[in-house]
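This report concerns only the one structure given below.
Only a predicted model underlies this, so the values are computations on that prediction, with no experimental measurement involved.
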Number of protein chains: 2
Amino acid sequence: MQMKAPAVTPTGLKAACSQCNLRELCLPFGLTGEEIDRLDALVATRRKVRRQHHLYSAGAPFEAIYAIRTGSFKTDVLLEDGREQVTGFQMTGEILGLDGISSETHSCNATALEDSEVCVIPFAQLEDLSRQVESLQHQFHKVMSREIVRDHGVMMLLGSMRAEERLAAFLLNLSKRFMARGYSPAEFHLRMTRDEIGSYLGLKLETVSRAFSKFQDEGLVAVHQKHIRIIDLDGLRQLLTHCAKRP
Amino acid sequence: MQMKAPAVTPTGLKAACSQCNLRELCLPFGLTGEEIDRLDALVATRRKVRRQHHLYSAGAPFEAIYAIRTGSFKTDVLLEDGREQVTGFQMTGEILGLDGISSETHSCNATALEDSEVCVIPFAQLEDLSRQVESLQHQFHKVMSREIVRDHGVMMLLGSMRAEERLAAFLLNLSKRFMARGYSPAEFHLRMTRDEIGSYLGLKLETVSRAFSKFQDEGLVAVHQKHIRIIDLDGLRQLLTHCAKRP
DNA sequence: GTATCGGTTTGATCCAAGTCAACCCTTGCT
DNA sequence: AGCAAGGGTTGACTTGGATCAAACCGATAC
């Protein structure tokens, strides 16, 4: 019988980017060994976040950005009337919290989809160091810009694609990101519910479910609850470019 | 009979942030006089962009970001099959080109909605200077973060709002931005077509037109082609929060 | 003046996705 | 084992916005 752990725990452990196998995906990318050591000095702590708990919430003061070490998160914004829009799903090596810089206050919620661990990167110190380390500065700018480009992709998806195209794009995106992390691009486990996928894609959960079933019927993927196996990667890709060719 | 000017013209004029009445909205915000002078030294040229012409296009190499001095722009991404998604409308004091940082290549098109002028800010030099000038570094980070937050707002709009809510949100947003620039928040001229508004809002132009007509019938706004007068600002706001309360 | 053209409005119909509702899995708890 | 609860699937029906089509308006060109 285990003690209920608090939602967010400082582990006290040093983050040690230099030892981290995610460094090629994360903020240390492109840094020399010596530069990474300086970044290490600044990434003082890790923090565990239990499933369903917030890493930060909208309105909370902004102090740090976070690099995901293990696990995964969703970010969402809420309307006064309770409508939720999931703005993204983040996995290991990705950076959370950039939304907070503009107003010194977080503008969205970041929620762990499974028990997860992040590296805490105090923002003021990151700015200090990136004034000294050019490659860090540049990589940080790239990370922010990548987020902007990603957001534009989501707008494209939400504004111009049909339900099945959206889901195909979503699956292909996940596949690519799992592959980049050394996992199978063809077989993976979804950490989010149909409802959350729907919110992200601007669809209702029933529509997501139907699209999954349709893909399964057409032999594109094998769906078993949250377990996904992509059978016909090219078929999915064609759904995006080709099916789009509808007049 | 005037000579046809080229689409994009270097004017040779110094940009002179220190003299610019937009500096409170733009990159120089929060900088001391001396710091602004250093920024001036870097913002070497202005460039004129004629209506309907690109400031940059998707795929073009990234070298600089741009601050809008006069006029306005749209940014859009295109799908292979020709579908267009407008990702934003930018006005004076706003920064264009941040999408290019991540891959050294622009990922969207920026098109002038009217004859416009931008300040060219060479990016490598901006990074150099922002390593020396803390307040510039911080302001630049805020500008990027603001773009991310804005994008999340658009996702909310595209993913969770109904047609009329989207248009109301759009008008309120324009109103706020005109006000911030010293123009009337209640009466303004749209620089974009119904089709472009539709693309931005994830709607067809007919739907945009119908929503405008409905607002007019309800006495919320007076619409005369591209001329807009907001009659009932609170009514529009309620459309957003209240009408959202529909079960 | 009249023609032309891009953009806008309005009407009539259609359909993709939403809604409502029932049922079916898993998984975890007693 | 049995039950409850939270997801997920599937079906029947509704609807908001898309589509198609026609007319309208305000510019500029002739």
Side-chain angles (χ1 to χ4, degrees), chain A residues 1-2 4 51-52 74 83-86 111 113-115 157-168 170 189-218 221-228 239 243-244 246-247, chain B residues 1-2 4 51-52 74 83-86 111 113-114 157-170 189-218 221-228 239 243-244 246-247:
Chain A
M1 198 166 298
Q2 70 175 96
K4 189 177 170 74
R51 185 174 133 81
Q52 302 285 34
K74 69 168 177 181
R83 277 183 290 184
E84 177 198 36
Q85 175 68 35
V86 171
T111 312
L113 294 174
E114 58 195 309
D115 292 356
L157 191 140
L158 290 170
S160 312
M161 290 186 183
R162 343 201 26 281
E164 284 165 34
E165 296 176 84
R166 295 184 200 189
L167 187 62
F170 173 69
H189 190 83
L190 299 174
R191 274 67 198 261
M192 65 295 282
T193 66
R194 299 287 190 263
D195 196 26
E196 287 164 335
I197 297 172
S199 170
Y200 179 63
L201 298 178
L203 303 169
K204 292 289 148 175
L205 65 96
E206 292 95 329
T207 307
V208 174
S209 179
R210 277 183 241 272
F212 268 128
S213 300
K214 181 125 182 284
F215 286 176
Q216 174 140 272
D217 291 349
E218 289 167 345
V221 296
V223 186
H224 215 300
Q225 305 281 119
K226 292 186 160 159
H227 186 88
I228 302 287
L239 240 170
C243 145
R246 138 200 66 81
Chain B
M1 199 167 296
Q2 71 175 93
K4 189 176 168 79
R51 185 173 134 81
Q52 301 284 35
K74 70 167 177 180
R83 277 182 290 184
E84 177 198 36
Q85 175 69 34
V86 171
T111 312
L113 294 174
E114 58 195 309
L157 190 141
L158 290 170
S160 311
M161 290 188 183
R162 336 192 42 277
E164 285 164 32
E165 297 176 83
R166 295 184 199 188
L167 187 62
F170 174 68
H189 190 83
L190 300 175
R191 275 61 195 270
M192 65 295 283
T193 66
R194 300 286 190 266
D195 196 27
E196 288 164 334
I197 297 172
S199 171
Y200 179 63
L201 299 178
L203 303 169
K204 293 287 148 178
L205 66 95
E206 294 95 328
T207 307
V208 174
S209 179
R210 277 183 240 272
F212 268 129
S213 301
K214 180 125 183 282
F215 287 176
Q216 174 141 273
D217 291 348
E218 289 167 345
V221 296
V223 185
H224 216 297
Q225 304 281 118
K226 291 186 160 159
H227 186 89
I228 301 287
L239 240 170
C243 147
R246 135 200 69 80

Letter per nucleotide, 5' to 3', of nucleotides 6-14 of chain D [B base touched, S only sugar-phosphate touched, - untouched; heavy atoms, 4.0 Å]: --SBBBB--

Reported CG-to-NZ distance for the pair L167(A) and K214(A), which is rounded to 0.5 angstrom: 11.0 Å

Atom-pair distance (NZ on K214(A); C1' on dA17(C)), nearest Å: 13 Å

Distance-minimising heavy-atom pair for L113(A) and E196(A): CD2-OE1, 3.9 Å

Length of the line joining H227(B):NE2 and dA27(D):P, which is rounded to integer Å: 13 Å

Nearest heavy atoms of L158(A) and G202(A), plus distance in Å: CD2-N, 3.5 Å

Distance-minimising heavy-atom pair for A211(A) and E164(A): CB-CG, 4.2 Å

Whole angstrom value for the distance that separates P of dT9(C) from NZ of K204(B): 17 Å

Heavy-atom check, side chain of Y200(B) versus side chain of M192(B), under 4.5 Å: no

Spacing of L201(B) atom CG relative to dG16(D) atom P, expressed in whole Å: 18 Å

d(CG, L203(A); P, dG16(D)) in whole Å: 18 Å

Interatomic distance where CD belongs to E164(B) and P belongs to dG16(D) [whole Å]: 10 Å

Heavy-atom pair with the smallest gap, counting every atom of S160(B) and Q85(A): OG-OE1, 2.7 Å

Nucleotide dG6(C), atom P - distance to CD of E196(B) in whole Å: 15 Å

Report, one pair per line, the protein and nucleotides 3-5 of chain C atoms (nitrogen or oxygen only) whose separation is under 3.5 Å.
none

Residue from E165(B), M161(B), R166(B) passing side chain to side chain contact (heavy atoms under 4.5 Å, CB included) with L201(B): R166(B)

Atom-to-atom span, CG of L158(B) to P of dG17(D) - whole angstrom: 13 Å

Residues E114(A), H189(A); criterion side chain to side chain contact (heavy atoms under 4.5 Å, CB included); working and verdict: CA-CA 12 Å; E114(A) 58 195 309; H189(A) 190 83; over 6 Å; no

Sugar-phosphate only, base, or nothing, as touched by G202(B) at under 4.0 Å among non-hydrogen atoms: sugar-phosphate

Closest heavy-atom pair and its distance - V208(A), G198(A): CG2-CA, 3.6 Å

